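The structure appears right after this line, and notes come after that.
This one's a predicted model, so the numbers in the text were calculated from it and none came from an experiment. Letters A, B, ... are given to chains in the order of the sequence lines, protein chains preceding strands, and every chain is numbered from 1.
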Protein chains: 2
Amino acid sequence: MMRLQASEAADETRDEIVRQATQLFTHYGYSKTNIGDIALACDMSAGNLYRYFRNKQAIGHAVVARFFDEVDACIERGMDESQCAEARVRFVITAAVEHTVRELRQAPKIVELSEMICETEEGQAVVGEHVQRNLARLTGLVREGVANREFNVNDAEAAARAVQMGTKFFHIPFALAQHGLDRVEADLAVTLDLLCAGLRGRAACQPRD
Amino acid sequence: MMRLQASEAADETRDEIVRQATQLFTHYGYSKTNIGDIALACDMSAGNLYRYFRNKQAIGHAVVARFFDEVDACIERGMDESQCAEARVRFVITAAVEHTVRELRQAPKIVELSEMICETEEGQAVVGEHVQRNLARLTGLVREGVANREFNVNDAEAAARAVQMGTKFFHIPFALAQHGLDRVEADLAVTLDLLCAGLRGRAACQPRD
DNA sequence: ATAATGAAAAATTTATAAATTATTCATTAT
DNA sequence: ATAATGAATAATTTATAAATTTTTCATTAT
């Protein structure tokens with residue numbers, strides 16, 4: 001198998017492929033979109049796609065990675081450094097979930113893509129990286145909150161992980177769709193209320209016996 | 001279609017069917033177990049099963065309902081009324097999750113059953129009832145905690161819902177299996193640490209602007 | 001060199017027939 | 001009456017062939 005292209009121009013082409021694939025996946029679904037369709041939309045032959053992606057799944061992974069990058073960018077953009085740590089923790093989670101919910105509303109077919117992702121090793125790696133980045137961000141925020149006495153937790157990293165686990169349900173497209181998209185925002189709000197109360201509280205994340 | 005049997009003896013037969021079906025489903029999986037197998041295990045004809053259950057799915061629903069009943073019984077049995085509300089909240093969640101994890105370890109095939117459940121209206125009703133019962137129990141515990149000044153939340157029902165949503169991830173068999181059963185217990189513990197800290201904290205579940 | 005093609009091979013999906021399984025029901029037994 | 005059967009029918013699954021799609025690669029173009 002030939003090694004993938006790595007030049008400037010190749011990166012541009014790769015981007016275009018991901019853009020076109022995103023359109024087709026959201027419109028027709030992952031399985032109903034074939035390599036030929038993507039190639040056609042990109043004005044190239046099917047074979048040429050393999051100079052940029054190892055296979056069809058890899059395109060799916062790139063589409064999802066791009067979605068995660070958008071969520072991250074949206075969070076970076078919207079993050080208001082002047083706000084208290086709690087507001088920013090809430091924003092980080094809420095923005096990501098709302099982004100996903102919006103996506104699910106206007107393109108329910110992406111559930112299929114997210115299921116493919118779960119089934120592949122590399123797909124899980126893509127998700128894993130995003131989760132990791134998110135945890136790092138949360139940990140930073142919790143540390144800040146602890147530093148300025150807004151939060152009161154012993155182990156900032158554990159508390160951040162707790163926030164992440166306590167909202168993990170809201171990051172699973174399949175679960176959201178089943179729960180009912182309309183209930184998501186309210187349920188996330190009460191959950192964040194309690195988690196944030198925990199971050200502020202005195203005895204949170206004390207070592208257990 | 002004939003109406004289902006409703007006598008004493010019929011209930012006994014129904015129980016036996018559910019018991020045998022549970023064995024077969026956990027051993028061979030829901031799809032690989034056929035009505036004939038269940039009937040054979042019960043020493044009756046396939047046709048006769050339909051006097052006790054509307055169809056195969058209904059047997060699956062009953063198996064899951066029974067599992068939930070076991071979890072509930074286990075919780076009732078293990079619940080120590082002398083303990084503080086927090087310990088009991090933790091126990092309610094932890095016992096249920098551990099029950100599920102144990103089940104998943106010794107019978108990974110039940111994931112298939114839980115997926116069938118999600119796909120059927122009646123299956124979701126079975127889950128919904130269990131979730132409802134659980135919420136009621138949590139709400140009662142939170143109220144008790146509030147009453148004896150152990151917890152400090154405005155809206156006990158909202159706080160209970162937050163505990164439920166914040167641990168919902170840990171109740172989804174598919175999600176648990178993917179997350180890795182070995183990580184579940186530790187991750188649930190930190191999550192409960194933070195949620196319980198929230199229950200104890202001063203400003204939890206205040207009305208938002 | 002890098003980019004792209006199009007035809008060939010491999011893998012997957014769809015269509016269809018055959019076989020199995022789920023479900024109903026007329027009949028028999030208790 | 002209630003319980004159960006087993007044969008008949010309906011629905012589903014499996015097996016197989018045909019068609020499509022994915023992937024590779026030798027070749028051409030820039």
Side-chain angles (χ1 to χ4, degrees), chain A residues 1-18 20-21 24-25 27-63 109 112-113 115-117 119-123, chain B residues 1-18 20-21 24-25 27-63 109 112-113 115-117 119-123:
Chain A
M1 183 209 285
M2 187 212 253
R3 197 160 77 266
L4 299 180
Q5 292 314 108
S7 65
E8 292 271 302
D11 285 342
E12 185 42 56
T13 305
R14 224 185 306 275
D15 267 15
E16 171 66 1
I17 293 168
V18 173
Q20 297 293 346
L24 292 164
F25 288 165
H27 208 82
Y28 303 108
Y30 174 76
S31 63
K32 289 281 167 59
T33 300
N34 45 250
I35 292 287
D37 296 333
I38 301 172
L40 188 67
C42 297
D43 272 315
M44 59 170 72
S45 66
N48 199 38
L49 278 181
Y50 289 84
R51 289 172 35 83
Y52 300 95
F53 289 98
R54 193 158 48 267
N55 51 33
K56 186 182 172 183
Q57 282 187 348
I59 299 178
H61 298 150
V63 167
K109 308 241 183 201
E112 189 197 357
L113 183 57
E115 274 163 3
M116 180 278 279
I117 292 292
E119 286 163 9
T120 66
E121 197 126 337
E122 198 187 319
Chain B
M1 185 207 286
M2 189 214 254
R3 198 158 78 266
L4 298 179
Q5 293 313 108
S7 64
E8 292 271 303
D11 285 342
E12 186 40 60
T13 306
R14 224 185 305 274
D15 267 15
E16 171 66 1
I17 293 168
V18 173
Q20 297 293 346
L24 292 164
F25 289 165
H27 209 81
Y28 303 108
Y30 174 77
S31 63
K32 291 281 168 59
T33 300
N34 44 250
I35 292 287
D37 298 333
I38 301 172
L40 188 68
C42 297
D43 273 314
M44 59 171 70
S45 67
N48 199 37
L49 277 181
Y50 289 83
R51 291 171 34 83
Y52 301 94
F53 289 97
R54 195 159 46 268
N55 51 34
K56 185 181 172 183
Q57 282 187 348
I59 299 177
H61 298 150
V63 168
K109 307 242 184 201
E112 190 197 358
L113 184 57
E115 273 162 4
M116 181 278 276
I117 293 290
E119 285 163 10
T120 67
E121 198 127 335
E122 199 187 318

- Query: Can you tell me how far the OG1 atom of A:T33 sits from the OH atom of A:Y28, to the nearest 0.5 Å?
  - Reply: 8.0 Å
- Once you round it to whole Å, what is the distance between C1' of C:dT5 and CD1 of A:I35? 16 Å
- Could you give the CD-to-P distance, from A:E16 to C:dA4, as a whole number of Å? 12 Å
- Rounded distance in Å - OH (B:Y30) to C1' (C:dT21): 12 Å
- Query: Could you state the CG-C1' distance from B:L40 to C:dA22, rounded to the nearest angstrom?
  - Reply: 16 Å
- Query: What distance do A:D43 atom CG and A:E16 atom CD have between them, rounded to the nearest 0.5 Å?
  - Reply: 8.5 Å
- Query: Looking at residues at least two apart in the chain, or sitting in another chain, which of them share a side chain to side chain contact (heavy atoms under 4.5 Å, CB included) with B:Q57?
  - Reply: B:Y30, B:N55, B:H61, B:M116, B:T120
- Spacing of OG1 belonging to B:T13 relative to OH belonging to B:Y52, to within rounding of 0.5 Å: 4.0 Å
- Message: The criterion is salt bridge (charged side-chain N to carboxylate O under 4.0 Å, His left out); which residues satisfy it with B:E115, sequence neighbours excluded?
- Response: none
Sort me out a list of protein N/O and nucleotides 9-19 of chain C N/O pairs below 3.5 Å, or just none if empty.
none

- Is any side-chain heavy atom of B:K109 closer than 4.5 Å to a side-chain heavy atom of B:K32? no
Listed pairs, N/O of protein and of nucleotides 27-29 of chain C, under 3.5 Å:
none

- Message: My understanding is that only residues two or more places apart in sequence, or in another chain, count here; which of them pass salt bridge (charged side-chain N to carboxylate O under 4.0 Å, His left out) with A:D11?
- Response: A:R14
- Item | B:N55 CG - D:dA11 P separation (whole Å) | 13 Å
- Select one nucleotide: of C:dT23, D:dT23, C:dA3, the one nearest the side-chain heavy atoms of A:K56. D:dT23
- Item | Rounded distance (nearest 0.5 Å) linking atom CG of A:L49 with atom CD1 of A:I38 | 6.5 Å
- Can you list the residues that meet the salt bridge (charged side-chain N to carboxylate O under 4.0 Å, His left out) rule with A:E12, with sequence neighbours excluded? A:R19
- Nearest-angstrom distance from the residue atom CZ of A:R51 to C1' of D:dT22: 18 Å
- Reading DNA chain D 5' to 3', how would its secondary structure be written in dot-bracket notation, given Watson-Crick and G-U pairs with both distances under 3.5 Å, brackets [ ] for crossing pairs and | for partners on other strands? ||||||||||||||||||||||||||||||
- Task: Could you state the atom-to-atom distance from CG of B:L49 to C1' of D:dA3 in whole Å?
- Result: 13 Å
- Message: On DNA chain D, compare the nucleotides closest to A:N48 and A:T33; which residue's is nearer the 5' end?
- Response: A:T33
- Item | Phosphate contact (D:dT23 OP1 or OP2) by A:Y50 side-chain N/O below 4.0 Å | yes
- Partners of B:S31 by side-chain hydrogen bond (donor to acceptor under 3.5 Å, both in side chains), sequence neighbours excluded? B:E112
- Task: Quick one: label B:N34 by what it contacts on the DNA or RNA (base, sugar-phosphate, nothing), any heavy atom closer than 4.0 Å.
- Result: sugar-phosphate
- Query: If you check the B:A9 side chain, which of D:dT22, C:dA3, D:dA3 turns out closest?
  - Reply: D:dA3
- Query: B:M116 CE to D:dT12 P: how many Å, rounded?
  - Reply: 14 Å
- Query: How would you label the contact of B:S7 with the nucleic acid (heavy atoms, under 4.0 Å): base, sugar-phosphate, or nothing?
  - Reply: sugar-phosphate
- Taking every non-hydrogen atom, the tightest pair across A:V18 and A:A62: CG2-CB, 3.7 Å
- Report the residues that fulfil side-chain hydrogen bond (donor to acceptor under 3.5 Å, both in side chains) with B:D37, sequence neighbours left out, ordered by chain and then residue number. B:N34
- Choose from D:dA4, C:dA3, C:dT23 the nucleotide whose nearest atom is closest to any side-chain atom of A:Y52. C:dA3
- Just compare C:dT23, D:dG6, D:dT23 and give me whichever is closest to any side-chain atom of B:S45. D:dG6
